[in-house]
There are 2 protein chains.
Amino acid sequence: MTSIRPRPATITDIARQAGVSTATVSYVLNDAPAGARIPEETRARVRAAADDLGYVPHASARSLRTGTRDLVLYVHFDVAHGPLASEFLYGLARALRDLGYTLMQYGAEKNRGVKAARAWAALRPAAVVAGDDRLTAAGVELLTKAGIRVIGLGSDPVLAKGTGLSTLVMDHHAIGLAAGRHLTGRGYRDLAVVLPTDPPLRVMGEGRLSGVREAAAEAGAAVRVHDMDYSPAAAAEIVAAWRAEGLPRGVFGYNDEFSGLLLGALLDAGVRVPDEVGLIGADDLMLCTMLRPALTSVRLQSESPQEIARRITEAITEGAEVHLSPWTPHPVPRQT
Amino acid sequence: MTSIRPRPATITDIARQAGVSTATVSYVLNDAPAGARIPEETRARVRAAADDLGYVPHASARSLRTGTRDLVLYVHFDVAHGPLASEFLYGLARALRDLGYTLMQYGAEKNRGVKAARAWAALRPAAVVAGDDRLTAAGVELLTKAGIRVIGLGSDPVLAKGTGLSTLVMDHHAIGLAAGRHLTGRGYRDLAVVLPTDPPLRVMGEGRLSGVREAAAEAGAAVRVHDMDYSPAAAAEIVAAWRAEGLPRGVFGYNDEFSGLLLGALLDAGVRVPDEVGLIGADDLMLCTMLRPALTSVRLQSESPQEIARRITEAITEGAEVHLSPWTPHPVPRQT
DNA sequence: GTAACTAGCTTAAACGAATAACCGCGCCTG
DNA sequence: CAGGCGCGGTTATTCGTTTAAGCTAGTTAC
């Protein structure tokens with residue numbers, strides 16, 4: 001097999017075909033002011049050759065020469081694949097593109113800290129957005145020293161202040177507070193909260209729990225806490241425990257999916273929802289409208305992606321630390 | 001603000017600090033055979049300098065020089081955000097990395113055809129995996145001419161044969177066949193199938209429908225078809241129509257999420273599931289175990305990501321057309 | 001005494017693109 | 001007729017890296 005591996009056309013190829021120098025080609029193709037004196041006839045010849053050869057500029061050769069970085073790396077955590085995260089990412093990508101940046105998702109590496117940071121830095125992005133579970137101080141320092149802005153997803157803005165690390169967080173306390181107030185607002189004084197065992201989720205769960213605790217304190221309600229992994233069996237176990245020790249009146253199930261599992265287990269145990277136990281999730285997934293009774297949830301309304309993208313580019317161009325928390329929670333009451 | 005924008009260290013910086021030439025640095029850092037005669041003492045000096053400066057090689061400068069492409073672009077379709085797609089992608093990324101490639105997701109562009117192809121080609125990937133809704137013949141040709149392999153997600157392998165386009169498809173007919181046989185196997189002879197209105201989903205839905213039709217033909221069953229968009233209202237409308245014209249005995253709801261909506265609407269209408277209407281979804285999401293009655297579903301078992309990655313690299317290195325269909329459907333019976 | 005060899009490097013040329021600086025020619029002006 | 005200038009480009013350098021080819025001082029062989 002002597003298949004000639006096709007080579008992408010370069011400006012040199014165009015120059016040869018159009019009978020000009022590569023400089024001329026570059027000036028024409030970029031409409032560069034320095035090459036303003038090139039007559040239309042030559043321009044046309046160059047453009048025809050480029051078209052004919054199917055020329056596409058070599059992005060990294062260009063950025064090597066100009067020293068510009070337009071890549072923003074998004075290292076998603078394992079949990080970031082719901083419709084909520086997906087839509088956020090999509091909007092952000094579009095907004096960043098409109099500002100001249102290219103957002104790429106890069107999620108293969110399980111490794112974290114300096115090792116991961118080196119892999120990211122090799123790509124010379126302008127910024128990297130990464131889950132805080134991937135970041136270590138040494139890793140952040142390596143990136144920062146290389147002129148790469150780091151935006152920690154879920155990192156604590158208070159801790160980050162002054163370290164050069166920017167943050168993009170969901171205010172989990174506020175989510176828990178909204179959920180808790182919804183429950184206490186219904187008159188429930190005996191609350192239960194589910195805390196996922198999966199480590200990245202657990203951190204968020206603890207933030208949400210503290211919000212529920214605040215709401216409970218306001219209303220003089222009690223709060224029970226239950227570890228749960230994401231499985232029907234775990235949900236059944238918790239419900240069994242409730243049967244034994246007495247049902248809670250209001251439950252915050254961490255999010256819609258954990259709440260969905262709990263709801264199934266409650267119904268299996270013959271518990272009447274919401275007459276005996278009220279339930280609220282979070283994320284307001286379509287799932288809520290599939291369940292019967294339909295699940296009450298805390299919706300997270302995001303700021304406009306344009307605004308978030310603008311702030312991120314601010315961090316890039318001005319080297320500023322930005323701290324974003326673009327989601328506002330509000331409860332969506334349904335049947336539970 | 002005279003913040004000196006930090007510049008990543010280069011081999012030139014290391015060379016200066018270690019008092020050697022850049023060639024030596026390169027030889028040492030790459031353990032190159034050509035530089036085998038460099039004594040340990042010099043090596044140590046170079047490595048110390050590299051460490052000290054926090055050196056990370058510039059991936060695109062390197063690949064510019066060596067002419068190697070190790071990037072695989074994955075242009076996800078809008079629908080690719082379920083746990084199924086997520087897990088597949090994750091495994092693929094890891095497997096490709098182990099083979100020396102870097103998988104990146106690049107999903108911002110709504111545009112398709114030649115315009116999108118140009119954007120992808122600018123990044124000089126070794127291959128691009130893209131939804132067939134993003135591909136046009138002209139776009140594929142542009143990429144192929146630039147030596148970039150194209151793998152169409154969901155493209156028809158029969159049509160692609162000989163065009164140079166590789167394919168990675170889900171066998172929707174087989175999914176529909178499995179679902180249909182499950183329903184006819186329960187003795188149902190009056191079937192209904194839901195067809196999403198969203199264009200990318202619709203194409204898959206049609207494939208699944210043809211599978212159900214085959215199963216129905218085998219058993220002498222009738223098949224009704226209903227358009228549905230992904231909303232509770234659309235589900236309620238279909239159920240209302242069924243009430244009017246007579247309930248189907250067995251329903252294939254396209255996937256778990258559409259089936260979940262249907263289930264909710266059926267229960268709202270007082271229909272007993274599965275006594276009056278049997279229901280099966282597809283994807284076997286955790287959602288199935290949250291619903292009551294728990295949703296029967298068609299699970300898609302994927303081949304090992306290593307094998308898929310190997311085939312993809314085969315397409316890259318040998319320029320071969322590969323046609324993959326790594327998912328096998330089998331029904332998971334639950335309560336519906 | 002010199003050719004041959006080795007150790008330990010360095011020099012220089014690429015890769016694809018951008019761009020500052022220059023160059024030859026024709027024409028006009030003083 | 002020298003000098004200047006506009007036109008239509010070209011030359012050369014650079015970005016960070018790799019790598020083939022060379023170079024020098026010292027050692028060994030004959």
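Since the model is a prediction, treat every value here as computed from it, not as a measurement. Naming convention: chains lettered A, B, ... in sequence-line order (proteins, then strands); numbering from 1 in each chain.
Between A:Val169 and A:Pro326, the shortest heavy-atom contact is O-CD, 3.7 Å.
Although no hydrogens or angles enter the test, the distance criterion places a donor-acceptor pair under 3.5 Å between the side chain of A:Arg43 and the main chain of A:Ile38. Checking side-chain atoms of B:Gln105 against main-chain N and O of B:Tyr74 turns up no donor-acceptor pair under 3.5 Å. A:Asp13 contributes a side-chain N or O that, together with a main-chain N or O of A:Thr10, makes up a donor-acceptor pair within less than 3.5 Å. A:Arg149 places a side-chain N or O within 3.5 Å of a backbone atom of A:Gly319 that can act as its donor or acceptor partner. Within the 3.5 Å criterion, the main-chain N or O of B:Ala18 finds a donor-acceptor partner in the side chain of B:Arg45.
Side-chain N/O atoms of A:Arg124 include none lying less than 4.0 angstrom from OP1 or OP2 on D:dC15. Applying the 4.0 Å criterion to OP1 and OP2 of C:dA17, one finds that A:Asn30 has every side-chain N and O outside that range.
Of all nucleotides listed (D:dT17, C:dA18, D:dT19), C:dA18 comes nearest to the side chain of A:Arg62.
B:Ser26 comes within 4.0 angstrom of a nucleotide base, judged by non-hydrogen atoms across all strands.
In this structure, CD1 of A:Ile11 is placed 15 Å from C1' of D:dG9, rounded to the nearest angstrom. Spacing between atom CG of B:Leu64 and atom P of D:dG16 amounts to 12 Å, rounded to whole angstrom units. A straight line from NE2 of B:His58 to C1' of D:dC15 spans 8 Å, rounded to a whole angstrom. To the nearest angstrom, C1' of D:dG16 lies 10 Å from CZ of B:Arg7. One atom, CD of A:Glu40, and another, P of D:dG8, lie 12 Å apart when rounded to the nearest Å.
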Open item on the list: Treating primed atoms plus P, OP1 and OP2 as sugar-phosphate and everything else as base, which nucleotides of nucleotides 4-13 of chain C get B, S or - for protein heavy atoms under 4.0 Å?
Closed with: ---BBBBB-B
